[in-house]
*Asks:* 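Mind having a look at this structure? Questions to follow.
The figures that follow rest on heavy atoms only: side chains count, while hydrogens, waters and symmetry mates do not. Chain identifiers are assigned alphabetically (A, B, ...) following the order of the sequence lines, protein sequences preceding nucleic acid strands; residue numbering begins at 1 within each chain.
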Number of protein chains: 2
Amino acid sequence: MEIKILTDVMVRNNAKGEDNRARLREAGVYCVNFTSSPGAGKTTLLTNLIPLVSGAVGVIEGDLYTARDAERLQGLGIPLVQINTEGGCHLNAMQISAAMEDVDLGALDYLFIENVGNLVCPSAFDLGEDIMTLVYSVTEGEDKPMKYSTMFEKADCVLINKCDLAEVCGIDLDALEQEVQTVNPRARIFRIVARDPDTLKPWAEWLHGKRG
Amino acid sequence: MEIKILTDVMVRNNAKGEDNRARLREAGVYCVNFTSSPGAGKTTLLTNLIPLVSGAVGVIEGDLYTARDAERLQGLGIPLVQINTEGGCHLNAMQISAAMEDVDLGALDYLFIENVGNLVCPSAFDLGEDIMTLVYSVTEGEDKPMKYSTMFEKADCVLINKCDLAEVCGIDLDALEQEVQTVNPRARIFRIVARDPDTLKPWAEWLHGKRG
């Protein structure tokens, strides 16, 4: 019975995810779902990335509680919607669909979704994105891609963040990349320091190419 | 209907958690449930903490996939059981009950449970522990206690780890502690560097006192 219900939840989510994707495509909006563990640097990344993106960006922020992440982005002067899951461990497609009502999609080129910080549950919920980008902090260690393989397998792109801390954390970046590629050979990998906008340029260019 | 099922799952879990607690108390085993985000340092902590604990320790390791954490602890020569959740986002009391069958509780003073790395879901599942200890890495930022308040509210103890990285990460440890205390005034807070056993001694002593 649990499995039946869980299946229903997933079927409904995925159908709504497809609806969202169709709405976004019709509006010409390219959608990126950013996932990560808590504190891996998604909001800092968005703060420094968005000024580099050629095109109009809107953001949907997901958090259990507070509007702190949306507040951090307010200085960018872009459309922002905050979703509070009230304890929920992931965003779902129904929440995104409702949040999209508060955004003028016709005025956007990109919609960035910052998911709840959780390296497990968000991997199971299609939101209607074009690509899922996983932000992974070197401070989490070299050994997580295989331990949390579901998330790494779903990622179209892995941004290895806080590379400036690799040495002090004793992290071998080549070994970490190798493990990501073992789990997901199709994922594109970029090394970044979200606090340093210069390190984000290669990924901003790649994203521009993906949108086409 | 979803809510009904979820309630059933929680009721069954919590009943089994109470069963586990009764079995552990009868055997004179003090149980600690360690939670954290991925890569916050739980396994490194256990590696350096266990030799400081006066008493016999057994460990149940929880991971989505792999037995890497259990392998890291093998050198300690203590009873170890690995649970793989196969994608599941938390440990539950039924899994702990089954794992306890593989441990000679009569030979232990402490049972340490290393939960799945996830700052959300494990907070909802009582495993039968005496205390829940949250390991929080400074690299995750100052702003998470309120964003992930469910987990912080449940913690009996918060170990602020990787304090040696606070400065390079721009973290104000006093502000972080203040926010933890705002969310949960009863939580005991210790600053540690899990890689440095000397920093773990105050907590080992506190734990010894808790067990009584």
*Asks:* With respect to chain A, which residue among B:Ala40, B:Gly141, B:Gly117, B:Gly87 yields the maximal number of heavy-atom pairs within a distance under 4.5 Å?
*Replies:* B:Gly117
*Asks:* Under 4.5 Å, heavy atom to heavy atom, which residues of residues 154-169 of chain B contact chain A?
*Replies:* B:Lys162, B:Leu165, B:Val168, B:Cys169
*Asks:* Measuring heavy-atom distances to chain A, does B:Asn84 have an atom under 4.5 Å in its side chain, in its backbone, in both, or in neither?
*Replies:* neither
*Asks:* For each of A:Lys147, A:Met151, A:Met146, A:Arg195, tally heavy-atom pairs with chain B at distances under 4.5 Å, and name the one with the top tally.
*Replies:* A:Lys147
*Asks:* Using 0.5 Å steps for rounding, measure from the OG1 atom of B:Thr150 to the OH atom of A:Tyr65.
*Replies:* 3.5 Å
*Asks:* Taking the side chain as everything from C-beta on, heavy atoms only, tell me whether B:Val120 gets closer than 4.5 Å to A:Leu64.
*Replies:*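 Yes, close enough: below the 4.5 Å cut-off.
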*Asks:* So, do A:Asn118 and B:Asn118 sit near enough that their side-chain heavy atoms are less than 4.5 Å apart?
*Replies:* yes
*Asks:* List the steps and the verdict of side-chain contact (heavy atoms from CB on, under 4.5 Å) for B:Cys121 and A:Cys121.
*Replies:* CA-CA 9 Å; B:Cys121 313; A:Cys121 313; 3.5 Å; yes
*Asks:* Salt bridge check: are A:Arg68 and B:Glu179 linked by an N-O gap of less than 4.0 Å?
*Replies:* yes
*Asks:* Is B:Asp143 in contact with chain A via its backbone, its side chain, both, or neither, using a 4.5 Å heavy-atom distance?
*Replies:* both
